[in-house]
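Chain letters run A, B, ... following the sequence lines, proteins first and then strands; every chain starts at 1.
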Number of protein chains: 2
Amino acid sequence: MNVPPKTVFYTIERTIKSYRKFSNRNFSRVVDDITVDQKLILQYLNSSPELSQTEIAELVFKDTASITRMIDLMVKKDFLKRSINTEDRRKFKLEITAKGKDILSRLEPVIAANRKTAFAGISEEELIQLDRTLQKILSNIT
Amino acid sequence: MNVPPKTVFYTIERTIKSYRKFSNRNFSRVVDDITVDQKLILQYLNSSPELSQTEIAELVFKDTASITRMIDLMVKKDFLKRSINTEDRRKFKLEITAKGKDILSRLEPVIAANRKTAFAGISEEELIQLDRTLQKILSNIT
DNA sequence: CTTATATATTTGATATATCAATTATATTTG
DNA sequence: CAAATATAATTGATATATCAAATATATAAG
């Protein structure tokens with residue numbers, strides 16, 4: 001017997017983990033060696049190039065230590081270039097490399113296709129409702 | 001402008017991460033040094049004492065390598081006892097220690113209170129709908 | 001200006017996640 | 001039965017998560 005109040009978080013967890021795996025699998029068909037989170041960082045930097053590492057950390061719900069290490073790796077893989085920010089020498093300037101931009105453009109259609117597959121047979125209204133319920137939960141616990 | 005089809009996974013991720021933090025915070029008021037996942041393993045073993053490590057891994061959506069290490073730790077912390085399973089010598093018998101049982105009993109009310117807080121103002125019907133939508137997404141991607 | 005405080009990032013320690021390879025034991029098949 | 005295959009768990013390598021402490025720079029307060 002499944003009682004949603006007792007199992008909803010279980011289902012949420014399962015959904016997000018499955019989606020991560022699903023996305024990673026599809027990404028790896030098009031691009032080598034990039035994770036969902038690295039792609040997300042590229043996307044954020046692409047639309048807001050002035051983001052600091054701390055701001056990125058907030059956006060992706062990780063702490064700054066994780067971001068430091070992820071960006072180290074992304075620099076090593078030549079997705080990003082890190083240089084000193086002369087405005088505020090505590091920060092860095094993060095730039096997407098040509099390789100990073102290429103990857104991003106090749107991933108865009110995959111991202112769209114992933115969503116389409118995931119939401120097949122689910123109406124816009126139903127997604128709005130899903131979002132609304134999750135927002136309620138969020139505001140209850142934060 | 002927030003378009004749920006593009007942001008729902010973001011919200012799902014945020015919700016589950018916040019709930020994890022919220023739970024961990026509340027657990028640590030009652031018990032020292034236990035994580036949400038370790039608690040979950042204790043709960044599963046409590047209701048199904050014959051579970052193998054592989055079965056536990058499936059239940060908590062982790063791989064067997066993670067479970068090996070988590071259980072190592074839980075044995076070290078005296079939450080669990082690991083002994084050879086004479087029926088099938090590839091497996092182990094996992095038993096909850098007295099300390100583990102005590103922890104579990106002290107956490108039960110916290111778990112119930114966590115859910116109550118998280119779901120305040122959300123009807124049973126709404127939770128069922130949430131669950132239903134997530135199940136649809138799951139079946140689309142697996 | 002100088003001290004105190006705040007902010008941005010890094011580093012170290014420890015836990016967890018994931019993949020691939022390995023070991024030990026069980027089961028199947030020829 | 002012996003060889004092949006399958007299953008359970010471990011180990012090693014690498015990435016990530018999290019906390020606390022450290023470092024560097026900026027800003028505020030006296």
Looking at B/Lys93 and B/Glu50, is there a salt bridge between them, counting it only when a charged N and a carboxylate O are closer than 4.0 Å? no
Using a 4.0 Å cut-off on protein heavy atoms (strictly under), produce a 5'-to-3' string for nucleotides 3-10 of chain D with B for base contact, S for backbone-only sugar-phosphate contact, and - for none. ---BBSSB
Just by distance, do the side chain of A/Glu55 and the backbone of A/Ser52 share a donor-acceptor pair under 3.5 Å? yes
Give a yes or no answer on whether the side chain of A/Ser48 reaches the backbone of A/Leu45 with a donor-acceptor pair at less than 3.5 Å. no
Which nucleotide sits closest to the side chain of B/Arg89: C/dA15, C/dA17, C/dA26? C/dA26
Side chain to side chain donor-acceptor pair (under 3.5 Å) against [X], all qualifying residues, sequence neighbours excluded:
{"X": "B/Asn85", "answer": "none"}
{"X": "B/Asn24", "answer": "none"}
{"X": "B/Asn140", "answer": "none"}
{"X": "B/Thr35", "answer": "none"}

Can you list, by residue number, the residues of residues 13-23 of chain B that have a non-hydrogen atom closer than 4.0 angstrom to DNA chain D? none
Note: for A/Ser66 and A/Glu87 on DNA chain D, the residue whose nearest nucleotide lies more 5' is A/Ser66
When you compare the side chains of B/Arg132 and B/Gln129, does any donor N or O come within less than 3.5 Å of an acceptor on the partner? yes
Under 6.0 Å between ring centres: does that hold for B/Phe61 and A/Tyr10? yes
Test salt bridge (charged side-chain N to carboxylate O under 4.0 Å, His left out) applied to [X] - qualifying residues, sequence neighbours left out:
{"X": "A/Asp131", "answer": "none"}
{"X": "A/Arg115", "answer": "none"}
{"X": "A/Asp78", "answer": "none"}

Nearest-angstrom distance from the residue atom [atom1] of [X] to [atom2] of [N]:
{"X": "A/Asn85", "N": "C/dT7", "atom1": "CG", "atom2": "C1'", "answer": "13 Å"}
{"X": "A/Lys62", "N": "C/dT9", "atom1": "NZ", "atom2": "P", "answer": "17 Å"}
{"X": "A/Asn24", "N": "C/dC19", "atom1": "CG", "atom2": "C1'", "answer": "13 Å"}
{"X": "A/Met70", "N": "D/dT18", "atom1": "CE", "atom2": "C1'", "answer": "14 Å"}
{"X": "A/Lys77", "N": "D/dT14", "atom1": "NZ", "atom2": "C1'", "answer": "11 Å"}
{"X": "A/Ile71", "N": "D/dT16", "atom1": "CD1", "atom2": "C1'", "answer": "14 Å"}
{"X": "A/Asp63", "N": "C/dT16", "atom1": "CG", "atom2": "C1'", "answer": "14 Å"}

Can you pull the ring-ring contact (aromatic ring centres under 6.0 Å, His included) pairs that have at least one residue in residues 92-140 of chain B, sequence neighbours excluded? A/Phe9-B/Phe119
Using every non-hydrogen atom in the two residues, find where A/Gln135 and B/Thr11 come nearest and quote the distance to one decimal. NE2-CG2, 3.6 Å
Nucleic acid contacts - residues 30-39 of chain B versus DNA chain C, non-hydrogen atoms under 4.0 Å: B/Gln38
For the helix from C/dC1-D/dG30 to C/dG30-D/dC1, what angle separates the axis at the start from the axis at the finish, each from five pairs, in steps of 10°? 10°
